[in-house]
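Only heavy atoms go into these numbers, but all of them, side chains included; no hydrogens, no water, no symmetry mates.
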Amino acid sequence: MHYDSRLVEARIRRFRDERLVSALYRRTAPLGLSCWEVPDEPVPFADAVGQQFLPAAPGMTWGRPWGTVWFHAEGGIPAAWVDEEDVRVELVVDLGFTAHQPGFQAEGTVYAASGRIIKAVEPLNRAVGLDAGSPVDVYIEAAANPDVAQGFRFTATPYGDRATAGDAHLYRLAQIAVGLLDLPVWELQQDVDALLGLAGQLPGSSQRRAEILHALDSMVDTMDPDDVSGTAGLGRSILEPALSKPASASAHHLHAVGHAHIDSAWLWPVRETVRKVARTFSNVCALVDETPDLVFAASSAQQYAWLQQSSPELFERVREKVASGNFAPVGGMWVESDTNLPGGEALARQFVLGKGYFLREFGVECEEVWLPDSFGYSAALPQIMAAAGARWFLTQKISWNETNRMPHHTFRWEGIDGSRIFTHFPPVDTYNSDLRADELARAERHYAEKGQGTMSLLPFGHGDGGGGPTREMIAAARRTRSLEGSPTVELSGPRAFFEAAEAEYREPPVWSGELYLEFHRGTYTSQARTKRGNRRSEHLLREAELWAATATVRTGVPYPAEELRAAWETVLLQQFHDILPGTSIAWVYQEAERNYAEVAVRLGAVIGTAARALLGWGGGTAVLNASPFAVGGVGPLAAGAAPPSGGRTVTRTDRGFLLENGAVRIEVDGAGLVRSLWDRTAERELVPAGAAANLLQLHRDTPTQWDAWDIDEHYRRNTTDLVDVTALDIVEGPAGQALRIERSFGASRVVQHLALDASAPRLEITTEVDWHEQQKLLKLAFPLDVHAERATSEIQFGHVHRPTHANTSWDAARFETVAHRWVHVGEPGYGVAVANDSTYGHDITRTAAGRATTTTVRLSLLRAPVFPDPAADQGSHRMEVSLLLGAGIPDAVAEGYRLNLPLRTVSGVARTAVEPLLQLTDPAHVVEAVKLAEDGSGDVVVRLYEAHGNRSRGALQAGFAYSSVVETDLLERPLEDVAITGRDDDGVHLTLRPFQLVTLRFAVVD
């Protein structure tokens, strides 16, 4: 008979699924069950066990969405099981799981009667080892987490908000029993999985494939399907020769690192992540006890801190595993944050708090930065990582690019200042591997450095509630350690991999600039209130630290270190890569907005206390200027008398309205559109003929797949210019007159106020939107008559230039980009800056204008995706934008700070002036933070950077007595002088290369 490998494979798969899987447990025995349903939010073990438990049984429904039910299981292990050989007694739990995904559904934590967490149960990790000689008495905290994703169809779901999730039970209890695991059958199943998977990756003409299928076919022939347990050993012996053939000497080598990517919030609230961490970490501790060579890498100091607070006994077990080398804290960040949206100082504090925690609690110095899932990586990140003492960087997400494939998997990544960091991008293209043969083959096939490198890192384990690595994954690693036809697999750790890879590949290629993700561009805009809360919180923290440090040095009042740290921890948590980007459920954003409001109140109190200590009580009025630049006649980082207000005027004309001062003349037509921006100094018109600036445009926004994540290029094909006006008036305000424009469209309403500064060439636009659209994108457009070959966008501690053309597929894919406080477009000798107070998404393009081209800057103001939060962005929003004519890069930098750090008025003061703690002689040297040292020594720490993109020299003059000043890393540890070129009576002399980041520490003399 002719051989048909397809039929052979089908036969083997059926034997595996019907015979082996069903024979895994020789016997099971029921347990006595009772349960208690928690009426509201989760409660600790001690509270739960004191409640009245009611009878429970398999088949019962349980679990309101986001609810918790405690099951109590009691009973004995059958005496006959004690004498059986090659078995393991286990608790087997099925809360009503579906096996098609490892997480995104119910999960459980198993407790001993003493309250000690034993292990977790999840859809693909359902067993808990038991002592065969002891009775069973356990509690299971079962979390009824709904499947918000619903197969990732990206349709609206009610489950993301407790108010709409309903009360119907989601799950039906299938099993809580004791089981007798048949170890030979289990081992045989692992053998079959390894060989069958490998065969599926080999060519049909391969001799090795034929050998494997023949061995598997013979195994099926030989075993008794009615006595799988009794013939499993025979089956294993038939497969042993196929499993014992060693791998090729040139096979790709995989460092398999245990991992569980646990999003700090996403399709569940933060409070559920706390429990996910405990469940996963307990699994890992149990697995390490059985697998002493397993290394599990876990990032995010915040998650360890949650565990330390919620489950201190389990945390101590983790501490022991860290000491033994089996548990590897990685990343050195507070959370796996987004890196596009957080400000420079916030990204620095991710490392200050994250590395500080790992050093304090475990004595571990994280030298690898671990960000597998963030949505693109800022060109400022290499310098920030290096300043935190990092040597290596791992990411995965760029494999999601829609258009272009990254050319490297191992390379040096160069940032805007020239810093380079050894970077690895695992070719397996997942951070949730289960060590299947197809994943191993993909890693070898995709690896771009063949011929120069031989190895890559493979993170394995179920994430997001799946519970991490499993014993089946360990078995897969054992079988592929050296297996002909497969890459070789070694259980390893991140440090071991990076040290080996760096030693092997000493001259890797260099990638310069941002790692732009050609996907998920909507994350620059979704959930605008949260983004505004982040921007405001970052700047409030700057103010609070500056004035608190100034008050402590000047007056001796205590520095509120704990209050500031708590605020930072909140803000840094909410910069997690599924919170700040706008891709979580409604519950997460309701909580985030409450947290930002609380941070604002607390930091306002810190600022108020410091200001009163500095200014005293009296009858005067002063203003605080936290900007690194002078504003309104008040020097940088200082307090002074309030500047005069008013002087802004708007004039009605035959064609509309006129706003003018000595620098510019602006004409607005009867529809509230800016038709002319005339720069009197340069004598040039900025609005192209026939165009209108301050143009609101509404687009259909229906991404192909990831709703809150994506803006797809086809949105441009459906555009509505919002030109209808319902009201147009001149109004009076504290600073003078402004033009008020009101428009209605769809179910929404927008009100804008346009005002011209009394003397500067700056148009200020306040936009308030009552937004009730769905799947729409609102943009604000400024067509400008400048021929800009590139656009400049502020990022952390500097800026990047991006082409405005689409010459290459890489250029074309950057049709939506991120900027912080400003963008700048210009031509030689002239430019325009567009600044904002809370907007991140932009698109900047060139437009044909006769034989010339003009440049259009557009800000993405609002979106309205329906998944995962169907009410995303609904309601009221306020945004500030300014247009600064005749601006260079230095002007743009200063304008960004001015708009985001408005002068703070303090009334009833005795003193109207406070000298700054420090002054800088070069305007390119920009202070980003002034604070007291983390160690409580009272030293003053100053963080500054070169902001203009030039090499520059200057001096820093301290306004307080100090005994020494040193350069430090971000963790405020001394370094050798690099930026400091001298110290004398004129201050600290600095020479900075473009975008160089410097931290200085002054030892204050009392």
(request) Report the C-alpha distance between T855 and T847 in whole Å, list the side-chain angles of each, state the deciding distance to 0.1 Å, and finish with yes or no for side chain to side chain contact (heavy atoms under 4.5 Å, CB included). (result) CA-CA 6 Å; T855 303; T847 305; over 6 Å; no
Thinking salt bridges, do [X] and [Y] make one under a 4.0 Å N-O criterion?
{"X": "D873", "Y": "R863", "answer": "no"}
{"X": "R521", "Y": "E402", "answer": "yes"}
{"X": "E598", "Y": "R602", "answer": "yes"}
{"X": "E789", "Y": "R846", "answer": "no"}
{"X": "D701", "Y": "K776", "answer": "no"}
{"X": "D770", "Y": "R749", "answer": "no"}
{"X": "E764", "Y": "R762", "answer": "yes"}
{"X": "D843", "Y": "K779", "answer": "yes"}

Relative to the ring of [Y], is the ring of [X] parallel (under 30°), tilted (30 to 60°) or perpendicular (over 60°)?
{"X": "H699", "Y": "Y715", "answer": "perpendicular"}
{"X": "W266", "Y": "W706", "answer": "parallel"}
{"X": "W709", "Y": "F154", "answer": "perpendicular"}

State, with a plain yes or no, whether a side-chain heavy atom of [X] is found less than 4.5 Å away from one of [Y].
{"X": "L777", "Y": "L698", "answer": "no"}
{"X": "T854", "Y": "P783", "answer": "no"}
{"X": "L780", "Y": "L695", "answer": "no"}
{"X": "V623", "Y": "V906", "answer": "no"}
{"X": "I585", "Y": "D161", "answer": "no"}
{"X": "V650", "Y": "L658", "answer": "no"}
{"X": "L884", "Y": "D891", "answer": "yes"}
{"X": "R802", "Y": "R790", "answer": "no"}

(message) Could you walk me through whether Q575 and D338 satisfy the side chain to side chain donor-acceptor pair (under 3.5 Å) test, starting with their C-alpha distance in whole Å, then the side-chain angles of each, then the deciding distance to 0.1 Å, before giving a yes or no?
(response) CA-CA 6 Å; Q575 291 178 343; D338 181 80; over 6 Å; no
For [X] and [Y], which I'm curious about, is there any donor-acceptor pair between the side chains at under 3.5 Å?
{"X": "Q150", "Y": "T157", "answer": "no"}
{"X": "H842", "Y": "T817", "answer": "no"}
{"X": "E685", "Y": "S676", "answer": "yes"}
{"X": "Q775", "Y": "R700", "answer": "no"}
{"X": "T649", "Y": "Q737", "answer": "no"}
{"X": "H787", "Y": "T853", "answer": "yes"}

(message) Going by side chain to side chain donor-acceptor pair (under 3.5 Å), T766 matches just one of E880, H753, Q752, R740. Which one?
(response) E880
Do we get [X] above [Y]'s six-membered ring, with its NZ or CZ under 6.0 Å from the centre and within 45° of the axis?
{"X": "R684", "Y": "Y830", "value": "yes"}
{"X": "R821", "Y": "Y897", "value": "yes"}
{"X": "R535", "Y": "Y840", "value": "yes"}

(message) Once rounded to the nearest 0.5 Å, what's the spacing between atom CG of D869 and atom OG of S584?
(response) 9.5 Å
(message) side chain to side chain contact (heavy atoms under 4.5 Å, CB included) for L696 and V750? Distances and angles first, verdict last.
(response) CA-CA 10 Å; L696 290 163; V750 59; 3.9 Å; yes
(message) Taking the six-membered ring for Trp, are W66 and W268 closer than 6.0 Å centroid to centroid?
(response) no
